[in-house]
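Quick note: numbers below take in every heavy atom, side chains included, and nothing from hydrogens, waters or symmetry partners. Chain letters run A, B, ... following the sequence lines, proteins first and then strands; every chain starts at 1.
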Amino acid sequence: NAGVTQTPKFQVLKTGQSMTLQCAQDMNHEYMSWYRQDPGMGLRLIHYSVGAGITDQGEVPNGYNVSRSTTEDFPLRLLSAAPSQTSVYFCASSRAGWETQYFGPGTRLLVL
Amino acid sequence: GQQVMQIPQYQHVQEGEDFTTYCNSSTTLSNIQWYKQRPGGHPVFLIQLVKSGEVKKQKRLTFQFGEAKKNSSLHITATQTTDVGTYFCAPPDAGGTSYGKLTFGQGTILTVHP
């Protein structure tokens with residue numbers, strides 16, 4: 001099993017550009033989530049999904065969109081990138097929200 | 001949502017010294033998880049504590065859950081350079097729904113000097 005995979009590993013964007021961060025898992029987990037990690041801020045929840053077709057906002061959802069059309073995939077969209085979105089983004093999956101989270105390797109995003 | 005305070009934010013130790021990080025909540029927690037993130041890596045699950053007063057050990061790591069289930073600690077005995085990283089506590093946040101989601105403390109960054 002590949003576990004949780006994320007692409008790309010690194011990305012540089014200009015302010016105003018859009019992009020999609022990809023996340024996929026092959027563990028048949030119902031719960032998937034996106035976190036951003038900034039120095040001194042820990043991991044902050046952006047959006048999460050409890051199953052295909054169901055998504056909800058986390059702590060810092062502004063500027064990000066998600067959808068969950070399949071159990072395996074949970075892409076994160078930045079519609080108009082801003083420098084404040086420079087961060088490391090982690091996708092995670094689990095059987096349920098309160099159970100062990102399995103993290104992907106992360107995407108490092110720089111917005112200029 | 002669930003708020004936890006994790007202290008200290010940074011800890012520098014000499015190899016062989018002990019290390020402890022604390023996670024404190026103002027509300028009762030149903031359970032708490034601990035994760036470790038190596039520099040440049042992603043968080044990896046270490047353990048989950050569920051019962052009041054629970055103590056679990058993994059080699060040199062000792063995890064405790066308070067009697068009131070409002071605090072937890074991770075203690076590392078005789079640190080090694082391989083212990084370097086950020087340690088996060090993570091309680092679930094039911095947020096009034098049955099789904100539950102995990103929130104993370106700010107983390108404690110551990111540096112070990114050889």
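- Interatomic distance, CD of Gln37(A) versus NE2 of His42(B), reported as 12.0 Å (0.5 Å rounding).
- In this structure Tyr22(B) satisfies the side chain to side chain donor-acceptor pair (under 3.5 Å) test with no other residue, sequence neighbours excluded.
- Residues of residues 19-29 of chain A lying under 4.5 angstrom from chain B, judged on non-hydrogen atoms, do not exist.
- When side chains are defined from C-beta on, Phe90(A) counts as touching Gln37(B), because their heavy atoms get closer than 4.5 Å.
- Side-chain polar atoms of Gln101(A) and Gln33(B) form no donor-acceptor pair below 3.5 angstrom.
- Tyr102(A) does not touch chain B: none of its heavy atoms, backbone or side chain, sits under 4.5 Å away.
- For Phe45(B) and Phe103(A), the gap between ring centers reaches or exceeds 6.0 Å.
- Using a 4.5 Å cut-off between heavy atoms, Tyr10(B) makes no contact with chain A at all.
- Pairs of residues two or more places apart, or lying in two chains, that qualify as side-chain hydrogen bond (donor to acceptor under 3.5 Å, both in side chains) and include a residue from residues 83-92 of chain B are Arg60(B)-Asp83(B).
- Transitive grouping of hydrophobic side chains (ILVMFWY, heavy atoms separated by less than 4.5 Å) brings Leu13(A) and Leu76(A) into a common cluster.
- Closest heavy-atom contact between Leu45(A) and Leu102(B): CD2-O, 4.5 Å.
- Of residues 104-112 of chain A, those residues with a non-hydrogen atom less than 4.5 Å from any non-hydrogen atom of chain B are, in numerical order, Gly104(A), Pro105(A), Arg108(A).
- Here CD of Glu59(A) is found 8.5 Å from OG1 of Thr103(B). Values are rounded to the nearest 0.5 Å.
- Hydrophobic clustering (ILVMFWY, side-chain heavy atoms < 4.5 Å, transitive): Ile46(A) and Val66(A) are in one cluster.
- Counting heavy-atom neighbours within 6.0 Å of Arg38(B) CZ, excluding the residue itself, gives a total of 12 or less.
- Taking each heavy atom of Phe88(B) and Gly42(A) in turn, the nearest pair found is CE2-CA, 3.8 Å.
- When heavy atoms are compared at a cutoff of 4.5 Å, Thr100(A) approaches chain B by way of both its backbone and its side chain.
- Contact tally against chain A (heavy-atom pairs below 4.5 Å) for Gln48(B), Gln9(B), Gln106(B): the top residue is Gln106(B).
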